[in-house]
Asker: 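Have a look at this one.
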Amino acid sequence: MAAVATNGNGNVDRIAELRKQANEELKLFNPFYSPTADSASDDTYKHAAYTPHLPVLNWEPLTEIDITDTDRGLFADPGKKSLFSAAQKVKNLTPAIGTEITGIDLRQLTPGQKDELALLVAERGVVFFRDQELNIHEQLDIARHFGPLHKHATTPIPKEPGLEEVHVVYNDAARRPDSSAFSKLELWHSDVTYEIQPPSTTSLKVITCPENGGDTLWSSGYALYSSLSPGFQTYLEGLTALHSGVAQAEGSRAAGLHVRREPIESVHPVVRVHPVTGWKSVYVNPGFTRRIIGVPKAESDVILNFLFHQISDNVDFHVRFSWETNSIAFWDNRIVTHTATFDFWPQRRHALRATPHGEKPESVEDYERRTGKAAKDRQIEIWKQHGVEVPQTKGSPRVLGYND
Ligand SMILES: O=C(O)CCC(=O)C(=O)O
Ligand SMILES: [Fe+2]
């Protein structure tokens, strides 16, 4: 720790010193992108047009858009015949989460196949494809099929004009990812959950991949919900939590970067129901969820800490993907959280994200009132589909592990 000056006003200096240290930490607030402004121009780099750019733009607050009953998964063939029959192979990577599809060129997808992809992502949490030549405009077109696109208030956009809806993830030898201000737990997040209508079927394409490292992990909120005892599930279903974008914006400001839209905080249900599958999912994340509403702070801390640790520690809920250049992942931000690894420096890693808005997160009660249908526990549904007797839990955690 740096020495603290003593000049007869030691407390003031000490506070100033601590504030300085806190600001230093804030500068590192988000390791997913470097806290420096635009990257140095490197015209020899093939994807220089998509390297990070932070223009001084000012956007109005987002307002609610009614997208009830428009989710493309609602229009899909439940058997996904046209998507699966076009594929060479469809492999579920773990029982709980993650599917890899080979033999499909995403540029050729029909609208019906896109609907089936949306449904598959809603069911499996994340779906991977490799060797995809689609460019960012084609990636945005697919994303627009899923919903109106989100523009991020703080993260870089590409240098090429007209791509304000793209979120750039970029690191190289000069831009070392630095997660030292965060525990690994805090890095788990679902994207921008502080928004009124946080994202749905989100895609990230890696356009330059390190030789090794830079994997991404996803954790299933359905699996987390399904793993809990019935009494605890019911307790969580009655709760809401505060999600905040303030620290992310303050972190950018502390680093001298421009914030394009004022941050907001939103209250969302702790258990949300996916509008297409009708399955319940735990919707809190270490990155942005700050407080459970209406319970003592000590209770909120314990419950959030428990859920955050289940997200991060329970490997039965996880899938880990090892990218190659031109791999793309589609994940449903409504029902999974994710985190990245920062082990690849000084190699270059560059990825582009397209992020459709989803609906306002819906509680079990609101979903059941709106649809007249019962929300479901994914795991129990799958057991039933396979004719497996549902274990009688009497309050003990259910066991996951039956593949669908
Ligand atoms: O770099 C990654 O693998 C993921 C970064 C991230 O969290 C995102 O783009 O949403
Ligand atoms: Fe993310």
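Order of listing sets the numbers, starting from 1, for every ligand and every atom in it.
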Asker: Enumerate the atoms of ligand 1 whose separation from the nearest heavy atom of H167 is less than 4.0 angstrom.
Answerer: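 With H167 as reference, the close atoms of ligand 1 come out as 8 (C), 9 (O).
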
Asker: Can you list the atoms of ligand 1 that are under 4.0 Å from a heavy atom of H189?
Answerer: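 Those atoms are 7 (O).
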
Asker: Show me which atoms of ligand 1 lie under 4.0 Å from any heavy atom of A340.
Answerer: 1 (O), 2 (C), 3 (O)

Asker: Taking R348 first and then E211, would you say they form a salt bridge - that is, a charged N and a carboxylate O separated by under 4.0 Å?
Answerer: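 No, no charged N to carboxylate O under 4.0 Å.
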
Asker: Which of the atoms in ligand 1, numbered in the order shown and given with their element, are less than 4.0 Å from a heavy-atom of V169?
Answerer: 1 (O), 9 (O)

Asker: Within the structure, does H338 bring an N/O atom to less than 3.5 angstrom of an N/O atom in ligand 1?
Answerer: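 The answer is yes, given that H338 and ligand 1 share an N or O pair closer than 3.5 Å.
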
Asker: Which residues satisfy the side chain to side chain donor-acceptor pair (under 3.5 Å) test with S200, sequence neighbours excluded?
Answerer: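 In terms of side chain to side chain donor-acceptor pair (under 3.5 Å), with neighbours along the sequence ignored, S200 is linked to no residue.
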
Asker: Check whether the side chains of D131 and N326 place a donor and an acceptor atom closer than 3.5 Å, and report yes or no.
Answerer: no

Asker: Partners of K280 by salt bridge (Lys or Arg N to Asp or Glu O under 4.0 Å), sequence neighbours excluded?
Answerer: E237

Asker: Looking at CZ of F146 and CG of D115, how far apart are the two atoms once the value is rounded to the nearest 0.5 Å?
Answerer: 8.0 Å

Asker: Quick check on contacts: which atoms of ligand 1 are under 4.0 angstrom from a heavy atom of D191?
Answerer: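 Close to D191: 10 (O).
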
Asker: May I ask you to decide whether E100 forms a salt bridge with K89, counting only side-chain N to carboxylate O separations under 4.0 Å?
Answerer: no

Asker: Quick check on salt bridge (charged side-chain N to carboxylate O under 4.0 Å, His left out): which of R369, R272, R370 does E362 satisfy it with?
Answerer: R370

Asker: Nearest to the Fe ion (ligand 2), which N, O or S atom of D191 do we find?
Answerer: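 For D191, the N/O/S atom sitting closest to the Fe ion (ligand 2) is OD1.
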
Asker: Under 3.5 Å between some N or O of ligand 1 and some N or O of T216?
Answerer: yes

Asker: Any idea which atoms of ligand 1 are less than 4.0 Å away from a heavy-atom of R353?
Answerer: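 Those qualifying, in numeric order: 8 (C), 9 (O), 10 (O).
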
